[in-house]
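Report on the following structure.
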Amino acid sequence: MKVILTESYEESARKGAEIILDAVARDPGLLLGLATGETPVAIYRLLREACAAGTADFSKARTVNLDEYVGCREEDSYRRFMDENLFDGINLDKSKITIADHAADPAGEVVRLRAFFGANRVDLQLLGIGPNGHIGFNEPDSELEAGVHVTGLTESTKRANAHWFADGAVPDQAITMGMGDILKAKSILLVVKGESKREVLRGLLDGGKVTTRNPATFLLLHPDVTVVTERSLTV
Ligand code: GLP
């Protein structure tokens with residue numbers, strides 16, 4: 001695992017954006033795995049700026065998102081987040097976007113997305129991490145699912161994400177890529193932002209142990225992971 005320590009979140013975002021832009025430059029038709037939440041916001045802003053400046057070209061790229069809420073309002077969906085933060089600001093062909101549909105029958109979406117991951121391998125997967133170590137919405141539990149599945153959200157995750165919802169009411173369920181889908185990506189970029197991640201980050205950087213109680217530790221099993229985080233979170 002390669003660890004890049006930075007002096008600020010802005011610097012983490014610049015490193016993250018550089019890694020993504022470099023991957024797109026080398027392989028314009030790549031399949032990018034994308035994350036939502038606070039962590040990628042500045043990364044996506046930098047990708048939009050690169051596109052506007054003509055230094056990045058996403059026209060041949062494909063994307064797939066880690067997760068989506070089940071049954072939320074359209075304005076609270078991760079699809080809306082992605083449109084506003086990235087998709088509407090880059091020259092990506094929108095027919096090449098794969099993301100669960102928040103309004104569709106979740107069982108049908110699981111079938112559709114399992115077929116997608118059966119036929120496709122992510123080239124570069126961008127990840128954030130939840131305060132409890134979740135990646136995607138693979139929440140800490142006694143066992144973790146390998147493939148795309150519907151999952152219940154823990155109270156701690158609901159609390160952490162409530163500020164995104166106008167009424168504060170986070171749905172009880174989400175659809176997420178499984179741990180196997182994430183670990184099948186050719187390379188993984190984990191960006192860690194925020195004081196609340198300190199403990200789970202320590203589990204990943206110092207522990208040397210893989211545990212379903214901190215799903216991010218499964219990244220220790222992958223041969224090509226880059227972690228970008230502020231130095232202050234590691235001391
Ligand atoms: C959310 C998302 C994750 C994200 C994580 C961290 O619940 N499902 O994919 O990486 O939690 O979020 P944030 O970046 O807002 O801290």
Side-chain angles (χ1 to χ4, degrees), residues 1-6 9 12 16 33-40 64-70 78 100 106 110 113-114 117 122 124-165 170-235:
M1 196 164 65
K2 182 175 170 191
V3 181
I4 300 176
L5 298 178
T6 67
Y9 166 63
S12 294
L34 297 174
T36 48
E38 299 285 349
T39 306
V64 61
N65 266 82
L66 277 169
D67 45 23
E68 177 60 284
Y69 292 108
V70 170
Y78 279 160
V110 167
L113 292 164
R114 283 192 173 197
F117 286 108
V122 170
L124 173 60
Q125 176 67 55
L126 172 64
L127 294 175
I129 184 174
N132 62 5
H134 74 228
I135 51 178
F137 271 131
N138 293 278
E139 296 275 43
D141 208 337
S142 55
E143 50 190 17
L144 300 174
E145 296 245 12
V148 175
H149 59 284
V150 176
T151 182
L153 298 178
T154 60
E155 286 308 315
S156 90
T157 294
K158 287 178 158 188
R159 271 197 305 279
N161 290 355
H163 66 104
W164 291 102
F165 292 78
V170 182
D172 295 326
Q173 290 189 313
I175 297 180
T176 183
M177 281 169 73
M179 294 302 297
D181 302 315
I182 292 169
L183 292 173
K184 271 183 246 159
K186 287 182 199 154
S187 57
I188 294 177
L189 168 61
L190 170 66
V191 182
V192 182
K193 177 193 183 220
E195 195 57 40
S196 63
K197 323 288 176 64
R198 182 181 287 275
E199 201 179 317
V200 285
L201 178 64
R202 186 178 304 126
L204 176 62
L205 298 185
D206 303 346
K209 286 201 170 69
V210 176
T211 168
T212 60
R213 298 289 165 197
N214 180 359
T217 58
F218 275 70
L219 298 178
L220 292 165
L221 303 175
H222 192 282
D224 186 2
V225 175
T226 302
V227 179
V228 180
T229 189
E230 289 145 78
R231 187 185 309 277
S232 59
L233 294 181
T234 65
V235 292

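One-based numbering along the sequence shown. Owing to the predicted nature of the structure, the values given are computational and were not obtained by experimental measurement.
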With the side chain counted from C-beta on, respond yes when [X] and [Y] share a heavy-atom pair under 4.5 Å apart, and no when they do not.
X      : Y      : result
Leu124 : Lys186 : no
Val192 : Leu233 : yes
Glu145 : Thr176 : no
Leu34  : Leu66  : no
Leu205 : Val3   : yes
Pro40  : Leu126 : yes
Trp164 : Val170 : no
Gln125 : Lys184 : no

Please assess Val227 against Ile4 for the test side-chain contact (heavy atoms from CB on, under 4.5 Å), listing each intermediate value before the final yes or no. CA-CA 6 Å; Val227 179; Ile4 300 176; over 6 Å; no

Are any side-chain N or O atoms of [X] and backbone N or O atoms of [Y], one a donor and one an acceptor, separated by less than 3.5 Å?
X      : Y      : result
Lys197 : Ile129 : yes
Arg231 : Thr6   : no
Thr217 : Thr211 : yes
Thr212 : Asp141 : yes
Asn138 : Ile135 : yes

Stepwise side-chain contact (heavy atoms from CB on, under 4.5 Å) test for Leu219 and Leu127: CA-CA 11 Å; Leu219 298 178; Leu127 294 175; 3.9 Å; yes

How far does [atom1] of [X] sit from [atom2] of [Y], to the nearest 0.5 angstrom?
X      : Y      : atom1 : atom2 : result
Glu230 : Ser12  : CD    : OG    : 5.0 Å
Glu143 : Met179 : CD    : CE    : 13.5 Å
Arg198 : Ser232 : CZ    : OG    : 6.5 Å
Leu190 : Ile188 : CG    : CD1   : 9.0 Å
Glu68  : Gln173 : CD    : CD    : 13.0 Å

Over all heavy atoms of both residues, which pair between [X] and [Y] is shortest? Give the atoms and the distance, please.
X      : Y      : result
Gly128 : Ala35  : N-CB, 4.1 Å
Val70  : Pro106 : CG1-CG, 3.9 Å
Pro131 : Ala160 : CG-CB, 4.1 Å
Ala174 : Leu153 : CB-CD2, 4.0 Å

Going through the distances and angles, do Asp67 and Ile175 end up as a side-chain contact (heavy atoms from CB on, under 4.5 Å)? CA-CA 5 Å; Asp67 45 23; Ile175 297 180; over 6 Å; no

Pair Tyr9, Glu38 - check side-chain contact (heavy atoms from CB on, under 4.5 Å), show working. CA-CA 11 Å; Tyr9 166 63; Glu38 299 285 349; over 6 Å; no

With no hydrogens and no angle check, just 3.5 Å: does a side-chain donor-acceptor pair link Glu139 and Asn132?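 There is such a pair (donor and acceptor under 3.5 Å, judged by atom type) between the side chains of Glu139 and Asn132.
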
Partner set under ring pair (Phe, Tyr, Trp, His ring centres under 6.0 Å) for Phe137, not counting sequence neighbours: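 Testing Phe137 for ring pair (Phe, Tyr, Trp, His ring centres under 6.0 Å), a comparison that skips the adjacent residues, returns Tyr69, His134.
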
